[in-house]
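Only heavy atoms go into these numbers, but all of them, side chains included; no hydrogens, no water, no symmetry mates. Convention: sequence-line order gives letters A, B, ...; per-chain numbering from 1.
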There are 2 protein chains.
Amino acid sequence: MTKQGFVNRIIGAGLKNTKYRVILIEHLSKTEKLLSAKEIYKQLSKKHIAINLSTVYRTLDVLVDNNIFNRVTIEGEKQSRYEYNRDIHHHFLICRGCNKIIPIYDCPLEVYEERLQAESGFQITGHRVEFYGFCDDCKKNLD
Amino acid sequence: MTKQGFVNRIIGAGLKNTKYRVILIEHLSKTEKLLSAKEIYKQLSKKHIAINLSTVYRTLDVLVDNNIFNRVTIEGEKQSRYEYNRDIHHHFLICRGCNKIIPIYDCPLEVYEERLQAESGFQITGHRVEFYGFCDDCKKNLD
DNA sequence: CTCAATGCAAACCGTTTGCATGCTC
DNA sequence: GAGCATGCAAACGGTTTGCATTGAG
């Protein structure tokens with residue numbers, strides 16, 4: 001997506017087109033990695049973009065509220081992570097060795113969810129799935 | 001399980017049998033609720049059990065490390081929650097209205113997990129599933 | 001008697017907030 | 001020009017830690 005595309009996405013959400021909103025969207029749209037606020041802050045610093053950490057947090061909040069980003073919490077981490085919302089339902093496969101996080105685009109729960117909804121009386125609006133294990137590389141180091 | 005049963009579980013794990021370990025195990029074993037450290041601390045205070053909050057945290061850490069408790073993180077909460085480990089695989093159904101958390105004892109992922117392991121090259125050691133929605137009561141208040 | 005458990009106070013770290021200033025519409 | 005965005009510093013809340021004291025084995 002072009003820079004103008006990001007601007008359009010911001011305006012389309014009824015938001016003001018500001019410098020750091022564009023920068024954050026551009027930055028996260030270029031990776032499949034889940035980044036924390038501090039990671040984003042540091043990576044931008046390296047590119048000589050002087051943003052304040054509070055602004056990172058506030059911008060992330062706005063973009064999450066407007067479904068441009070997703071906020072993700074990983075079991076065992078105290079920080080939140082963020083990803084660019086590509087509107088593709090997915091889950092994560094997480095390596096306990098190197099902390100690599102890999103998205104999985106096929107979801108095993110659609111059918112199950114309907115049954116659960118019927119049986120529980122809940123109106124189910126979403127779910128979250130994570131798989132944990134050891135990737136090919138880290139498997140080898142498991143003595 | 002009797003009080004002596006909890007003591008045996010502590011000793012069996014090679015741990016010292018101390019006052020607060022027994023109290024915490026007894027307390028969590030009586031509920032299916034996921035409690036935070038502060039909730040445990042407050043509930044014990046109400047029962048006139050004067051434990052220090054640091055001790056709650058340290059005791060929880062020990063019991064989690066020894067598989068007597070499970071540490072659970074709920075999406076969107078910054079605190080950890082804890083449950084007595086009954087060695088029954090389960091997941092959670094969480095109401096976005098009243099924050100009620102209900103365990104589900106049937107797991108849809110066994111077969112899928114094997115396939116994923118084969119396809120991804122990961123050695124999968126576990127997973128985590130949560131369903132979000134609105135319970136019967138809260139459904140009614142959704143305007 | 002020894003070493004681990006506990007209490008207490010202070011530190012820590014991710015995140016949020018109040019306020020003054022700057023920028024978008 | 002009005003009101004939201006940003007920078008800065010301070011506050012916040014959950015959790016951890018250092019150190020002195022207590023208690024289990």
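- Put simply, CG on A:L60 is 14 Å from C1' on D:dA5, counting in whole angstrom units.
- You'll find that the side chain of B:I51 is closest to C:dG7, out of D:dG7, C:dG7, D:dA5.
- For A:E32 and A:H90, the side-chain atoms include no donor-acceptor pair closer than 3.5 Å.
- In this structure a side-chain-to-backbone donor-acceptor pair under 3.5 Å is present from B:R21 to B:K16.
- Remark: B:E130 engages B:R128 in a salt bridge, criterion side-chain N to carboxylate O under 4.0 Å.
- The shortest distance between the side-chain N/O atoms of B:N52 and the OP1/OP2 oxygens of C:dC8 is below 4.0 Å.
- Take the nearest nucleotide of DNA chain C for A:I11 and for B:T55: the residue whose nucleotide is more 5' is B:T55.
- Rounded to an integer number of Å, the gap from B:I10 CD1 to C:dA4 C1' is 14 Å.
- Whole-Å rounding puts the B:K16 NZ to D:dA24 P distance at 9 Å.
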A:D106 and B:Y112: CA distance, side-chain angles, deciding distance, side chain to side chain donor-acceptor pair (under 3.5 Å) verdict:
CA-CA 10 Å; A:D106 110 79; B:Y112 179 82; 3.1 Å; yes
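- Side chain of B:R86 to main chain of B:S29: a donor-acceptor pair is present (N/O by atom type, distance under 3.5 Å, no hydrogens or angles).
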Scan nucleotides 12-19 of chain C nucleotide by nucleotide, 5' to 3', and note B when protein non-hydrogen atoms come under 4.0 Å of the base, S if they reach only the sugar-phosphate, - if neither.
--SBBBB-
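- Taking only side-chain nitrogens and oxygens, A:T59 comes nearer than 4.0 Å to OP1 or OP2 of D:dT6.
- Note that the CD1 atom of A:I68 and the CG atom of A:N85 stand 9.0 Å from one another [nearest 0.5 Å].
- No option in B:V72, B:I104, B:V129 other than B:V72 meets the side-chain contact (heavy atoms from CB on, under 4.5 Å) test with B:F92.
- Atom C1' of nucleotide D:dC4 and atom CG of A:N66 are separated by 14 Å, given to the nearest angstrom.
- Rounding to whole angstrom units, NZ of residue A:K19 and C1' of C:dG22 are separated by 12 Å.
- Protein atom CD1 of A:I23 is 14 Å distant from nucleotide atom C1' of C:dC23, rounded to whole Å.
- In this structure, the CD1 atom of A:I49 is 12 Å from the P atom of D:dG7, given to the nearest Å.
- Across the protein-nucleic acid pair, B:L63 atom CG and C:dA5 atom P stand 11 Å apart, rounded to whole Å.
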Run B:L28 and B:L63 through side chain to side chain contact (heavy atoms under 4.5 Å, CB included) and show every step you take.
CA-CA 11 Å; B:L28 257 74; B:L63 296 177; over 6 Å; no
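- At C:dC23, none of the side-chain N or O atoms of A:Y20 fall inside 4.0 Å of OP1 or OP2 (strictly under the cut-off).
- Relative ring orientation between A:H91 and A:H127 is described as tilted, the plane-to-plane angle lying within the 30° to 60° band.
- Taking five base pairs at each end of the helix from C:dC1-D:dG25 to C:dC25-D:dG1, the local helix axes there meet at an angle of 40°, rounded to 10°.
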